[in-house]
Student: 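Quick one: this structure, given as structure tokens, is what I'll be asking you about.
Sequential numbering from 1 along the given sequence is applied to the chain's residues.
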Amino acid sequence: MSLYPFKFQPILKERLWGGTKLKDVLGKPIESDITGESWELSTVKGDVSVIANGKLAGTSLQELINEQPENLLGKSVYERFGTDFPILIKFIDAKKDLSIQLHPNDELAKERHDSFGKTEMWYVMDADDDAELIVGFNKDVTKDEYAKSLENDTLLELLNYEKVTEGDTFFINTGKIHAIGAGVLLAEIQQTSDITYRVFDFNRRDKNGNLRELHTEMALDAIDYTKKDDFKVNYPNAKNTVNDMVDCPYFTTNYLDLDKDLRQDVGSRDSFTIYMCVGGAATIADENGSADIQKGETILVSAASQSIHIKTKGAKLLEVTI
């Protein structure tokens, strides 16, 4: 079976805090005005991506992995993760502030939920004037201080706020308290996990008038209470080359700002390659075929590919491997 570059049908998620930028800016086929997420690549149970292009259109990503795990994922990736696709790729539109939350590490997630933890990164694609993210605390706090701030409704006074513009990139390791602020559209790359501990939700109610569930007790042992300035990613942005952004045990992300074609030999990579287009347009080709990509779209190239040819007159891409 030929493993050509694959595009997938977006899995669209309505959210209390969602808006219309996924349609207005990225061209997603949404119909509601509260769509918050477009899952681009997923094998999360109940939300498995389906191929949208070529002869295998209609085939699920999980079916493809089950049939050709090493060819698609790479031998080392398959040995480490089995037939679970280890990365979840999303575009997120926050019309309103998201809840204050954090994610457990692998050990806690395995013990409590039989899941991976959730390390993630954000690349800001669009931001309203004065849009912000919450990332970490603004000082070292104790567990007792944190618990008391929840009781007194003063948690927001302990948090660190970061104003953002297009291109800003953040690495959110497990245990770090965080939230996407209103007016931010971003690309998210994360471990395959949907485990989130919500600790504060601005006392909002859902469409049925109910307060959303909080995970106050579970979060207490999962939070990193120290102030750390390890989240803002400073990366080179040289033209027409591969710029290193993030390299962690769960994914490696590079930034490509191209105004001409780029060819890469990837035969020794032993990993699939994902391209998220965050600006412009390009064609991604390998020995088995090609697929066009434009802003807001994602392509998966199999680990069996030996050479990737990116054809473009102008594109900004996030390249993700393991």
Side-chain angles (χ1 to χ4, degrees), residues 15-19 34 36-37 92-113 115-122 124 127-165 168-184 186 188 190-191 193-233:
R15 297 291 189 245
L16 183 67
W17 39 262
I34 57 165
E37 301 184 9
I92 296 178
D93 170 26
K95 184 177 181 179
K96 300 177 182 178
D97 294 329
L98 271 68
S99 61
I100 313 298
Q101 57 187 247
L102 62 132
H103 309 297
N105 61 27
D106 284 345
E107 291 74 26
L108 269 180
K110 180 66 176 176
E111 177 186 333
R112 293 176 175 176
H113 314 285
S115 171
F116 292 119
K118 188 174 174 182
T119 297
E120 61 191 11
M121 67 165 283
W122 298 332
V124 176
D128 294 350
D129 292 343
D130 297 324
E132 296 178 317
L133 302 175
I134 290 173
V135 190
F137 292 103
N138 58 31
K139 64 176 185 177
D140 290 347
V141 300
T142 66
K143 186 185 292 188
D144 287 343
E145 284 177 304
Y146 165 79
K148 190 169 290 186
S149 76
L150 291 180
E151 293 176 14
N152 298 335
D153 205 18
T154 58
L155 174 63
L156 299 181
E157 297 174 12
L158 300 179
L159 303 179
N160 174 58
Y161 295 81
E162 295 281 330
K163 291 193 182 303
V164 294
T165 60
D168 286 347
T169 300
F170 295 82
F171 181 70
I172 312 296
N173 46 325
T174 55
K176 189 180 298 297
I177 200 162
H178 63 273
I180 303 171
V184 177
L186 57 77
E188 181 177 88
Q190 60 159 92
Q191 287 176 269
S193 171
D194 207 23
I195 306 300
T196 295
Y197 293 164
R198 186 185 299 124
V199 298
F200 183 69
D201 197 31
F202 304 96
N203 302 313
R204 292 182 294 200
R205 297 182 182 272
D206 63 20
K207 61 184 179 181
N208 298 316
N210 301 314
L211 293 171
R212 294 200 296 172
E213 181 184 6
L214 298 179
H215 309 94
T216 307
E217 292 301 319
M218 295 188 80
L220 289 174
D221 293 330
I223 295 175
D224 182 349
Y225 294 99
T226 56
K227 178 185 184 298
K228 292 179 179 175
D229 296 322
D230 60 351
F231 46 80
K232 186 75 178 286
V233 178

Student: Quick one: does any side-chain atom of Asp140 pair with a main-chain N or O of Lys227 as donor and acceptor, under 3.5 Å?
Tutor: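 Yes, because the side chain of Asp140 sits within donor-acceptor range (under 3.5 Å) of the backbone of Lys227.
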
Student: Is a donor on one side and an acceptor on the other found under 3.5 Å between the side chain of Asp93 and the backbone of Gly18?
Tutor: no

Student: Between Ala127 and Val164, which heavy-atom pair has the shortest distance, and what is it?
Tutor: CB-O, 3.7 Å

Student: Give me the atom names and distance for the closest heavy-atom approach of Lys176 to Phe171.
Tutor: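 Reported closest heavy-atom pair: CE-O, 4.4 Å.
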
Student: Determine yes or no for a side-chain-to-main-chain donor-acceptor pair under 3.5 angstrom, with Asn160 supplying the side chain and Val135 the backbone.
Tutor: yes

Student: Atom CG in Leu155, atom CZ in Phe137: separation rounded to 0.5 Å?
Tutor: 6.5 Å

Student: Does a donor on one side chain sit under 3.5 Å from an acceptor on the other, for Gln191 and His103?
Tutor: no

Student: Identify the heavy atoms of Leu16 and Lys96 that sit nearest to each other, and give their distance.
Tutor: O-CD, 4.1 Å

Student: Counting only N and O atoms by type, is there a donor-acceptor contact under 3.5 Å from the side chain of Asn105 to the main-chain atoms of Glu107?
Tutor: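 Yes, Asn105 side chain to Glu107 backbone: donor-acceptor pair under 3.5 Å.
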
Student: Pair Tyr161, Asn138 - check side-chain contact (heavy atoms from CB on, under 4.5 Å), show working.
Tutor: CA-CA 8 Å; Tyr161 295 81; Asn138 58 31; 5.9 Å; no

Student: Please report the C-alpha distance between Ile177 and Phe200 in whole Å, then the side-chain angles of each, then the deciding distance to 0.1 Å, and finally whether the side-chain contact (heavy atoms from CB on, under 4.5 Å) criterion is met.
Tutor: CA-CA 11 Å; Ile177 200 162; Phe200 183 69; over 6 Å; no

Student: Hey, mind stepping through Asp201 and Leu211 against side-chain contact (heavy atoms from CB on, under 4.5 Å) and telling me if it holds?
Tutor: CA-CA 8 Å; Asp201 197 31; Leu211 293 171; over 6 Å; no

Student: Measure the shortest side-chain to side-chain distance between Leu102 and Asp224 over non-hydrogen atoms and say whether it is less than 4.5 angstrom.
Tutor: no

Student: I need the His178 NE2 to Gln101 CD distance, nearest 0.5 Å.
Tutor: 4.0 Å

Student: Give the C-alpha distance, both sets of side-chain angles, the deciding distance and a yes or no for side-chain contact (heavy atoms from CB on, under 4.5 Å) between Asn152 and Glu157.
Tutor: CA-CA 11 Å; Asn152 298 335; Glu157 297 174 12; over 6 Å; no

Student: When you measure from the side chain of Asp97 to the backbone of Gly181, do you find a donor-acceptor pair of N or O atoms at a distance under 3.5 Å?
Tutor: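 Not a single qualifying donor-acceptor pair exists.
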
Student: When rounded to the nearest 0.5 angstrom, what is the spacing between CG in Leu98 and OG1 in Thr196?
Tutor: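 Between atom CG of Leu98 and atom OG1 of Thr196 there are 9.5 Å.
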
Student: Any chance you could measure Ile180, atom CD1, to Leu186, atom CG, to the nearest 0.5 Å?
Tutor: 4.0 Å

Student: On a heavy-atom basis, which atom in Ala131 and which in Ala182 lie closest, and how many Å separate them?
Tutor: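 Nearest heavy atoms, Ala131 then Ala182: CB-O, 3.7 Å.
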
Student: How many angstroms lie between atom OG1 of Thr165 and atom CG of Asp129, to the nearest 0.5 angstrom?
Tutor: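 That separation rounds to 10.5 Å.
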
Student: Taking the basic N atoms (NZ, or NE/NH1/NH2) and the acidic carboxylate oxygens, is any pair closer than 4.0 Å for Asp168 and Lys163?
Tutor: no

Student: Do Met121 and Phe170 come close enough that some side-chain heavy atom pair is under 4.5 Å?
Tutor: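 Met121 vs Phe170: side chains apart.
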
Student: For Asn173 and Thr119, work out which heavy atoms get closest and say how close.
Tutor: CA-CG2, 4.3 Å

Student: Please examine the side chains of Tyr146 and Leu220, heavy atoms only from C-beta on, and report whether any two atoms are closer than 4.5 Å.
Tutor: yes

Student: Classify the angle between the aromatic ring planes of His215 and Tyr197 as parallel (below 30°), tilted (30 to 60°) or perpendicular (above 60°).
Tutor: tilted

Student: Given 3.5 Å as the limit, does a donor-acceptor pair link the side chain of Ser193 with the main chain of Phe116, or not?
Tutor: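 Judged by distance alone, yes, a pair lies under 3.5 Å.
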
Student: Rounded to the nearest 0.5 Å, what's the gap from CD1 on Ile172 to NZ on Lys118? Could you check?
Tutor: 11.0 Å

Student: How close do Arg212 and Ser99 get, heavy atom to heavy atom, and via which atoms?
Tutor: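 Between these two residues, the closest heavy atoms are NH2-CB, 3.9 Å.
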
